[in-house]
Structures are given as structure tokens and as C-alpha cells.
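Have a look at the structure below, then the notes.
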Amino acid sequence: MRNRAVLLLSGGLDSATTLAIAKAEGYQVSALSFAYGQRHSHELKAAATIAKHFGVEHRVITIDLGVFGASALTDNTIAVPKDRSVQELSRGIPVTYVPARNTIFLSFALAWAEVLKAYDIFIGVNALDFSGYPDCRPQFINSFEDMANLATAYGVEGGKRIRIHSPLIALTKGQIIKKGVALGVDYGMTTSCYDPVGERACGHCDSCLLRKKGFNESGIPDPTRYVS
């Protein structure tokens, strides 16, 4: 019997690659997405397409992180940064950071994993080509794993260790894309843009710039339709 796993699926490049990795490793994956009040809610459509493509169970949970505000992704009065330089991308925590988002998402994933008796949870965080979010770093992932094994009945009594898998955490975007293509990922299914215009990516937000950088470094054509 295959090991069960819960995987956070945003609809983006990283989570699609992580899903391909989990499937290649033989896991029976249950994917979890969130409608959390994000301005780029088009990613949920992409997540559904990716889940169907890989043939995995997929659930969407609705929570409203917009009630807290303080992020350009959940508060339309805060502008999404555009055309930042490589130096700016690597400096500080940008306004697109959503307070405690990955902590919240992983907590929901952990609750579902406990019900499923799944000791493996996958998340597509990356600590090299990223926007400086504190909840994408190895220290956070390691700490959450420790907490999961202390805070759940199956972690305490189950006789196995709950593991948080972050297979992309030490890879560049270019390396991630190469790995995904080798595993058969169609990146045309994915979306990365924080501030899309209709069905097209803006091409200027941090996420679009990192995506472009990754495809350029990988030498693989970018299937994304950009406004400019």
C-alpha cells in the first residue's frame, strides 16, 4: 500500500513541481488549496487543472485572511510592487507577504493529514529564488515539523514521525523548472502572477520576474502569456 501524503497546491510553478515529485516517489496524494481572499484567485482554477492532470484528490478550503489586511495580496488598497531589481528582490520582506500564511496553511494540512493518518506533508517553498518570505525558510519548516510531532495525537501516539517535505527549498527556479520538465510537468497549466490582467500575467510583479528568470536560466521556453 502506498504511503498517503497531503500536499499544499497553490496552482503555481513550485507546487505543481512538488506534486510531480511526490507522485514520482510513489505517494498517494491528497491536495489542498485555499481561497483566502487573494487578489490572484485565478490560481485556484490552475490548481484544479493540475490536480485533475495528476489524478489526485483535491479540496479547496475557504478562509478570509483579508480581514487582517496588511498584505498586497489580500488588500486591494496596497499596490503590488512591480519591476523590482534583483537586489531589491533579495532585500527585506515585501508587502506581498501574507502574515503567517504558510503557518496557517500547514496547520490545515496537518489536521487533514491526521484524519487520513498521513505522516507526510509536502509544501513547495523555496529559499533561493524567492521574495524573502520568512515562512519559506528551512528553519521554519524544521520548526513546524517539530511542533507537528508534539501537537497531534497521531504524532504523539502513532509511532511514526510526521515529516514536512520541502523538496525545492534549496533549488533555484531554473533547477526547479528543469526538474519539473523531466517529470512531465506542463507549466502551461500553472500560474504565478500576483496581479493578473484578465487571463494574462502582468509580467512585472516579483513572482512574474522570478518565473521569467527561472525559464531564462533553464533554457526552456516560458509558456506564460504575459501582458508585457
Side-chain angles (χ1 to χ4, degrees), residues 6-16 18 31-48 58-112 121 123-127 129-141 143-144 147-148 151 164 166 169 173 190-212 224 226-228:
V6 172
L7 180 142
L8 294 177
L9 183 65
S10 70
L13 183 158
D14 293 337
S15 66
T18 302
L32 186 60
S33 302
F34 295 89
Y36 62 92
Q38 66 269 50
R39 69 165 75 206
H40 54 307
S41 58
H42 63 292
E43 68 179 8
L44 294 173
K45 181 179 177 181
H58 181 222
R59 296 191 184 185
V60 179
I61 294 177
T62 299
I63 52 178
D64 187 8
L65 299 184
V67 298
F68 304 131
S71 170
L73 299 191
T74 58
D75 185 343
N76 289 330
T77 67
I78 302 174
V80 172
K82 300 290 178 72
D83 297 315
R84 298 207 299 157
S85 67
V86 174
Q87 291 75 23
E88 288 173 318
L89 287 173
S90 61
R91 188 185 309 132
I93 300 172
V95 294
T96 50
Y97 165 70
V98 179
R101 181 177 62 179
N102 282 344
T103 304
I104 294 166
F105 289 179
L106 279 172
S107 296
F108 274 90
L110 177 61
W112 194 17
I121 298 171
I123 181 171
V125 292
N126 171 253
D129 286 338
F130 77 127
S131 295
Y133 300 153
D135 53 3
C136 289
R137 296 171 176 154
Q139 299 94 317
F140 166 73
I141 297 299
S143 295
F144 192 95
M147 181 278 296
I164 309 298
S166 52
I169 202 157
K173 272 288 189 285
T190 69
T191 181
S192 300
C193 186
Y194 289 154
D195 196 22
V197 180
E199 295 294 318
R200 292 181 179 268
C202 73
H204 300 277
C205 67
D206 290 1
S207 191
C208 280
L209 294 176
L210 289 170
R211 184 182 178 105
K212 287 180 177 181
T224 309
Y226 295 104
V227 173
S228 59

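Residues: numbered from 1 along the sequence shown. The basis for the numbers below is simple: all heavy atoms, side chains too, and nothing from hydrogens, waters or symmetry mates.
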Sorted by chain and number, sequence neighbours left out, side-chain contact (heavy atoms from CB on, under 4.5 Å) with V95 holds for A72, I78, P81

Could you go through the side-chain contact (heavy atoms from CB on, under 4.5 Å) check for Q38 and V98 one step at a time? CA-CA 9 Å; Q38 66 269 50; V98 179; over 6 Å; no

Can you list everything that forms a side chain to side chain donor-acceptor pair (under 3.5 Å) with R59? Sequence neighbours excluded, please. E57

Residue pair H204 / L209: nearest heavy atoms and the distance that separates them: O-CD1, 3.6 Å

Would you please test F144 and I123 for side-chain contact (heavy atoms from CB on, under 4.5 Å) and show each step? CA-CA 12 Å; F144 192 95; I123 181 171; over 6 Å; no

Separation between CG (L7) and OG (S15), nearest 0.5 Å, reads 7.0 Å

Who pairs with S166 by side chain to side chain donor-acceptor pair (under 3.5 Å), at least two apart in sequence or on another chain? none

Does any non-hydrogen side-chain atom of D135 lie less than 4.5 Å from one of V125? no

Give me the atom names and distance for the closest heavy-atom approach of A127 to P138. CB-CD, 4.1 Å

Identify, with sequence neighbours excluded, every residue that meets side-chain contact (heavy atoms from CB on, under 4.5 Å) alongside A111. none

What pairs of residues pass the salt bridge (Lys or Arg N to Asp or Glu O under 4.0 Å) test when at least one of them lies in residues 77-91, not counting sequence neighbours? K82-D195, R84-D206

Is the side chain of T74 donor-acceptor paired with the backbone N or O of G37 at a distance under 3.5 Å, no angle test? no

What distance do S143 atom OG and I164 atom CD1 have between them, rounded to the nearest 0.5 Å? 11.5 Å

Once side-chain contact (heavy atoms from CB on, under 4.5 Å) is applied, do any residues pair with S33, and if so which ones, sequence neighbours excluded? L9, L44, A47, H58, V60

Non-hydrogen side-chain atoms of C193 and H40 separated by less than 4.5 Å: no

side-chain contact (heavy atoms from CB on, under 4.5 Å) filter on V86, not counting sequence neighbours, yields none

Side chain to side chain donor-acceptor pair (under 3.5 Å) partners of T96, counting only residues at least two apart: Y133

Scan for ring pair (Phe, Tyr, Trp, His ring centres under 6.0 Å) pairs involving residues 70-107, sequence neighbours excluded, and state none if there are none. F34-F105, Y36-F105

F140 CZ to N102 CG distance, which is reported to the nearest 0.5 Å: 5.5 Å

Smallest heavy-atom separation, C136 atom then I169 atom, equals O-CD1, 3.7 Å

Could you report the tightest heavy-atom contact between Y226 and C208, atom names first, then the distance? CE2-SG, 4.0 Å

Show the nearest heavy-atom pair for residues T224 and A201, with the distance to one decimal. CG2-CB, 3.8 Å

Any sub-3.5 Å donor-acceptor pair from S207's side-chain atoms to S192's backbone N or O? yes

If every non-hydrogen atom of C202 is compared with every non-hydrogen atom of C205, which pair is closest and at what distance? SG-N, 3.3 Å

Pairs touching residues 60-80 that satisfy salt bridge (Lys or Arg N to Asp or Glu O under 4.0 Å), sequence neighbours left out: none

Which residues pass the side chain to side chain donor-acceptor pair (under 3.5 Å) test with T190, not counting sequence neighbours? R211

